[in-house]
There are 2 protein chains.
Amino acid sequence: MAEAPARRQTRQRTAVAEALEAQGEFRSAQEIYDIVRQRGDSVGLTTVYRALQAMADDGQVDVIVRGDGEAVYRQCSPSHHHHLVCRSCRSTVEIDAPDVERWAADVASQHGFRDVTHTVEVFGVCARCAD
Amino acid sequence: MAEAPARRQTRQRTAVAEALEAQGEFRSAQEIYDIVRQRGDSVGLTTVYRALQAMADDGQVDVIVRGDGEAVYRQCSPSHHHHLVCRSCRSTVEIDAPDVERWAADVASQHGFRDVTHTVEVFGVCARCAD
DNA sequence: TTCGTATTGACAATCATATTCATTTAAGGC
DNA sequence: GCCTTAAATGAATATGATTGTCAATACGAA
Ligand SMILES: [Mn+2]
Ligand SMILES: [Mn+2]
Ligand SMILES: [Zn+2]
Ligand SMILES: [Zn+2]
């Protein structure tokens, strides 16, 4: 049914992965691009976009599409989870919500929906930013 | 603390509201723009964007920012709720999830977050679209 | 090493949305 | 109804993230 994508290990993808790893928080493609260049690696912006998307497809990073439409990426633990994000400083907390997972699957199947996915993000202002 | 926005009733906003009401499903600003014009009303695209954003601010419509970054709007029941959306035909089911509401508020306050909001959307393929 | 193809990247193109700013108009007080 | 004023409008322009193109390059299997 599905073919192995067969990703190749390149200098560029390694650089993007390392930049993501060093950051910890959500960053946009443009930000990752800057970080990579500051580290001395030369990677094209287009390639940064493609690398991030590939990693997202492979589940190596989490993606959030912010309200302004910009996508932000973060290296994440491999298991499915959600995020508590500070609107001010963007710091994030990974959260587990088995109950919510179950609820999403249930409510969808009750309405006859197949192939179910979901997005759950909680936003607020973290204690530090609240002054 | 907060000033009354003092929205004015204009021909254009009425047209946008009616178009939304007639649709029922989520529509983008561009789509609403086309619908309004097909109905014979003349409204600028800029105004459609601003009207939709104002209505969203006022809680009269729900907004979802899709994966591609485009925002879609829908006239909604006034109370807070979430959606089960068909990826194929875009039909939506409004869903209530008091448990999820409570969970979101709890997990946020446990981490010291204030001013909490959340997004919860469930996606799938509806029974009709599944063939 | 060789070869096929995945990957790269400079550049142009898209396209949703924001900004500008001169003009129009709703709404409250008279 | 008339005035006044700030809100609203919209055409044009700008913005800015993301995508498409395509020739050049480099993994990695054999
Ligand atoms: Mn989940
Ligand atoms: Mn709704
Ligand atoms: Zn913060
Ligand atoms: Zn459907």
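Source: prediction; values computed, not measured. Here is the naming used below: chain letters follow the sequence lines, and residue numbers restart at 1 for every chain.
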Picking from D:dT19, D:dT21, C:dT17, which would you name as closest to the side chain of B:L45? C:dT17
Touch class at under 4.0 angstrom, heavy-atom based, for A:R66 against every strand present: nothing
Note: for B:T46 and A:R13 on DNA chain C, the residue whose nearest nucleotide lies more 5' is A:R13
Would you call A:R102-A:D99 a salt bridge at under 4.0 Å N-O? yes
Choosing from C:dG9, D:dG10, C:dT17, which nucleotide comes nearest the side chain of B:A29? C:dT17
Side-chain atoms of A:R8 come closest, of D:dT19, D:dG10, C:dG4, to C:dG4
Roughly how many Å is it from CG in B:D41 to P in D:dA8, rounded to a whole number? 19 Å
Taking atom P of D:dT19 as reference, at what distance in whole Å does atom CG of B:D68 sit? 9 Å
Spacing of A:Q53 atom CD relative to D:dT19 atom C1', expressed in whole Å: 9 Å
Where the side chain of B:Q30 is concerned, which of C:dT17, C:dG9, D:dT9 is the nearest nucleotide? C:dT17
Does B:H118 have its ring centroid less than 6.0 Å away from the ring centroid of B:H82? yes
In whole angstroms, the gap separating C1' of C:dT17 from CD of A:E70 amounts to 14 Å
Name the nucleic acid region contacted by A:T10, choosing base, sugar-phosphate or nothing; use a 4.0 angstrom heavy-atom cut-off, strictly under. sugar-phosphate
SB check B:R11 B:D41 (cutoff 4.0 Å): no
Roughly how many Å is it from CD in A:Q9 to P in C:dT8, rounded to a whole number? 12 Å
Can you check the B:Q12 CD to D:dG10 C1' distance for me, whole Å? 9 Å
Could you give the OH-to-P distance, from A:Y33 to C:dT8, as a whole number of Å? 14 Å
Nearest listed nucleotide, side chain of B:Y49, among D:dA17, D:dG10, C:dT17: C:dT17
Test B:E18 against every option in B:R39, B:R13, B:Q23, B:Q75 by the side chain to side chain contact (heavy atoms under 4.5 Å, CB included) rule and name the one that passes. B:R39
OP1, OP2 of D:dG10 versus side-chain N and O of B:R37: anything below 4.0 Å? no
Please tell me whether B:F26 and B:H83 form a close aromatic pair, meaning their ring centres lie under 6.0 Å apart. yes
Between C:dT24 atom C1' and B:R11 atom CZ, what is the distance in whole Å? 11 Å
On the side chain of A:R50, is there an atom forming a donor-acceptor pair with the base of D:dG20 - under 3.5 Å, no angle test? no
